[in-house]
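Here's the structure we're looking at; comments come further down.
Computed from a predicted model, the values in this text were never measured in an experiment.
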Amino acid sequence: MKEFERKQLLERVNREGATIGVDIPDRIDVQGEEVELRDFVFEIKRRDTVPEGEKDRVEQAKKNLRRERLQRLQQIEDNEVSYEEGRRLVESIVGIDRALNALEQLRPANLEQESQLQEAQDQKRWMNFLKQALGRKKSSRSSRGGR
C-alpha cells in the first residue's frame with residue numbers, strides 16, 4: 001500500500017463522526033473468537049441499563065473490543081496489509097467503534113436507586129433550608145458574626 005493510501009485509511013478511522021451512519025457488524029472475530037456483535041449490543045441496549053449480573057460480561061466485551069480495535073489499527077499503521085485489506089479493516093474498526101459507543105452509553109442498573117437517594121437528599125436539604133429561613137432552626141453563631 002502506498003503511504004498516502006495508508007494515511008487516508010488512518011484519517012478515516014480517526015475522523016470525528018466516523019461512526020455516523022455506520023452499522024454495527026453482525027459478526028466479528030474478536031480475539032480469535034467469533035462474536036455475534038450486533039445481537040449482543042442490541043440485547044444489552046434493549047434493557048437500557050446494565051443489570052448487575054451482566055456488568056462483568058459487558059465490561060469484558062468492551063475490553064476485548066478495544067483490544068481488537070487496537071490490533072487492527074496497528075496492522076494499518078505498520079503497513080502490514082494491502083490497501084483492500086486496509087479498507088476492510090477500517091470498516092471493521094469503525095463498526096467496533098459504533099458498538100463501543102452504544103455500550104458506553106448504557107446506564108448502570110442501580111440508576112433508579114441512585115435517583116431515589118439523590119431525591120431524598122435534595123428534599124432533606126430543602127427542608128433544612130426552609131426551617132432555617134422560617135426561623136425554626138437556630139442559626140449558627142458564625143452567621144451572626146461573632147463568638
Discussion item. Can a side-chain donor-acceptor contact be found between Gln60 and Asn64 if the only test is distance below 3.5 angstrom?
Written reply: yes
Discussion item. For Leu10 versus Glu77, what's the shortest heavy-atom pair and its separation?
Written reply: CD2-CG, 3.6 Å
Worksheet item: Given side chains that start at C-beta, do those of Arg67 and Gln71 come closer than 4.5 Å, heavy atoms only?
Response: yes
Practice prompt. Heavy atoms only: give me the nearest Leu37-Pro25 pair and the separation to one decimal.
Written response: CB-O, 3.6 Å
Worksheet item: Hey, does Val94 have a side-chain heavy atom less than 4.5 Å from the side chain of Arg98?
Response: no
Worksheet item: Rounded to the nearest 0.5 Å, how far apart are CD1 of Ile24 and CG of Asp97?
Response: 11.0 Å
Worksheet item: Atom NZ in Lys2, atom CZ in Arg6: separation rounded to 0.5 Å?
Response: 14.5 Å
Worksheet entry | Leu70 and its side chain to side chain contact (heavy atoms under 4.5 Å, CB included) partner, picked from Arg66, Gln74, Glu68, Arg72 | Gln74
Practice prompt. Evaluate whether atom CZ of Arg87 has more than 12 neighbouring non-hydrogen atoms of other residues, nucleotides or ligands under 6.0 angstrom away.
Written response: no
Discussion item. Taking CD in Glu33 as the centre, count heavy atoms belonging to other residues, nucleotides or ligands within less than 6.0 Å. Is the count above 12?
Written reply: no
Practice prompt. Look only at the side chain of Thr19 and the backbone of Val22, and say whether a donor-acceptor pair between them is shorter than 3.5 Å.
Written response: no
Item to complete: Compare every heavy atom of Lys62 with every heavy atom of Glu104, then report the nearest pair and how far apart it is.
Response: OE2-CD, 3.5 Å
Worksheet entry | Matching residue for Leu9 among Leu89, Val90, Leu73 - test: side chain to side chain contact (heavy atoms under 4.5 Å, CB included) | Val90
Worksheet item: Taking the side chain as C-beta and beyond, is there a heavy-atom pair between Glu119 and Asp122 under 4.5 Å?
Response: no
Discussion item. Can you confirm whether Tyr83 sits close enough to Gln8 that some side-chain heavy atom of one is under 4.5 Å from a side-chain heavy atom of the other?
Written reply: yes
Worksheet item: Can you list the steps and then say if Ile93 with Ile76 is a side-chain contact (heavy atoms from CB on, under 4.5 Å)?
Response: CA-CA 11 Å; Ile93 291 168; Ile76 298 169; 4.0 Å; yes
Worksheet item: Can you name the one residue among Glu3, Glu11, Glu5 that meets side chain to side chain contact (heavy atoms under 4.5 Å, CB included) with Lys7?
Response: Glu3
Discussion item. Looking at Phe129, I'd like to know if its CZ atom is crowded, meaning that more than 12 non-hydrogen atoms belonging to other residues, nucleotides or ligands lie closer than 6.0 Å.
Written reply: no
Worksheet item: Heavy-atom distance under 4.5 Å between the side chains of Asp39 and Asp26, does that happen here?
Response: no
Practice prompt. Treating Ile, Leu, Val, Met, Phe, Trp and Tyr as nodes and any side-chain heavy-atom pair under 4.5 angstrom as an edge, say whether Val58 and Ile28 lie in one connected cluster.
Written response: yes
Discussion item. Do Phe40 and Arg57 make a side-chain contact, defined as non-hydrogen atoms from C-beta onward lying under 4.5 Å apart?
Written reply: yes
Item to complete: List the atom of Ala99, the atom of Val41, and the distance in Å for their closest heavy-atom pair.
Response: CB-CG2, 4.0 Å
Practice prompt. Give a yes or no answer on whether the side chain of Arg27 reaches the backbone of Glu36 with a donor-acceptor pair at less than 3.5 Å.
Written response: no
